[in-house]
Structures are given as C-alpha cells and as structure tokens.
Enquirer: 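This is the structure, below, for whatever I ask next.
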Amino acid sequence: MHRQRFLAVVLGLACAFATGTPAYQVAPPQPTPQTQQQPTPPAHDDRLIESGSYVNKTGNAVHRPAHTISGNVPTGATAQCRDSSYSFSQSHRGTCSHHGGVSRWL
C-alpha cells in the first residue's frame with residue numbers, strides 16, 4: 001500500500017514538473033535592426049567597375065585594365081589607356097594593347 005502511494009506521489013510530481021515552465025528559459029533571439037544605408041564612399045573613390053586578372057610574363061597576377069566608378073586614378077595603376085580604362089601593367093610592353101594603346105603613363 002505504501003509503495004503504491006509512493007509511486008503515485010512520484011508520478012504526480014513528475015507530471016507536474018514535466019508540464020510546468022522550467023526554472024530557466026532561453027529567450028528567443030531578437031532580430032537586430034537592419035539599416036539600409038549605403039556606406040559613404042571615400043572622397044577619392046577608386047573602386048573598379050571591371051574585375052579579373054591575368055598572369056604576366058614574370059608569373060605575377062595583375063589586375064586587368066579597368067574603369068573606376070568615379071573616373072579617379074585607382075591605387076596601383078601604372079597607365080591610362082586610350083579607352084579611359086586604367087592599366088596595372090608591370091612592364092611597358094603590351095600595356096593597354098586591347099584598349100587602344102597607352103594614353104599616358106602614371
């Protein structure tokens with residue numbers, strides 16, 4: 001008789017704790033506010049429009065001639081081509097060859 005009563009109490013307590021709210025609760029993650037602001041471009045905006053590179057005769061990867069968004073001279077450019085793109089060539093030979101030739105060396 002005591003054993004049955006003990007089991008009933010244990011089962012009753014187990015059911016009560018199983019359906020109750022735990023002592024700790026993990027809060028659902030709160031979404032972080034997203035702002036749709038674009039970063040302010042630097043005063044000297046030299047971001048490139050075209051991408052890609054080639055391997056030159058000495059085995060170095062060199063950025064292909066490209067235009068900048070602002071038209072400013074990009075960092076690392078060595079020449080401006082006649083089509084207004086900028087070359088990053090590391091030698092004079094062949095620089096701007098598919099861009100109308102060199103307009104000016106930088």
Enquirer: Does a side-chain heavy-atom distance below 4.5 Å link Leu48 with His63?
Expert: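 The answer is yes, as the side chains (C-beta and beyond) meet within the 4.5 Å cut-off.
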Enquirer: Taking atom CZ of Arg104 and atom CZ of Arg82, what is their separation to the nearest 0.5 Å?
Expert: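 Those atoms lie 13.5 Å apart.
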Enquirer: Donor-acceptor pair, distance only, cut-off 3.5 Å: does the side chain of Glu50 make one with the backbone of Pro65?
Expert: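 Not at all, since once roles are kept as given, no pair shorter than 3.5 Å links the two residues.
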Enquirer: Is there a path from Val73 to Val102 through hydrophobic residues (I, L, V, M, F, W, Y) whose side chains come within less than 4.5 Å of each other?
Expert: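 Shared cluster, no.
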Enquirer: Short question: side chain of Thr78, backbone of Ser89 - any donor-acceptor pair under 3.5 Å?
Expert: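 Yes.
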Enquirer: Is there a donor-acceptor contact under 3.5 Å from the side chain of Thr95 to the main chain of Ser91?
Expert: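 Present.
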Enquirer: Contact between Phe88 and Ser53 at the side-chain level, heavy atoms closer than 4.5 Å - yes or no?
Expert: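 No - every pair of side-chain heavy atoms lies 4.5 Å or more apart.
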Enquirer: Report the C-alpha separation of His99 and Ser87 in whole Å, then their side-chain angles, then the decisive distance to 0.1 Å, and conclude whether the side chain to side chain contact (heavy atoms under 4.5 Å, CB included) test is met.
Expert: CA-CA 9 Å; His99 297 271; Ser87 174; over 6 Å; no
Enquirer: Between Cys81 and Ser103, is the side chain to side chain contact (heavy atoms under 4.5 Å, CB included) condition met? List the steps.
Expert: CA-CA 5 Å; Cys81 303; Ser103 173; 6.0 Å; no
Enquirer: Run the side chain to side chain contact (heavy atoms under 4.5 Å, CB included) check on Gln80 and Trp105 step by step: do they pass?
Expert: CA-CA 6 Å; Gln80 184 173 20; Trp105 294 100; over 6 Å; no
Enquirer: Does a side-chain heavy-atom distance below 4.5 Å link Ile49 with Thr68?
Expert: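 Ile49 does not reach Thr68 side chain to side chain.
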Enquirer: Under 3.5 Å, is there a donor-acceptor pair between the side chain of Tyr86 and the main chain of Gly71?
Expert: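 Such a contact is found between Tyr86 side chain and Gly71 backbone.
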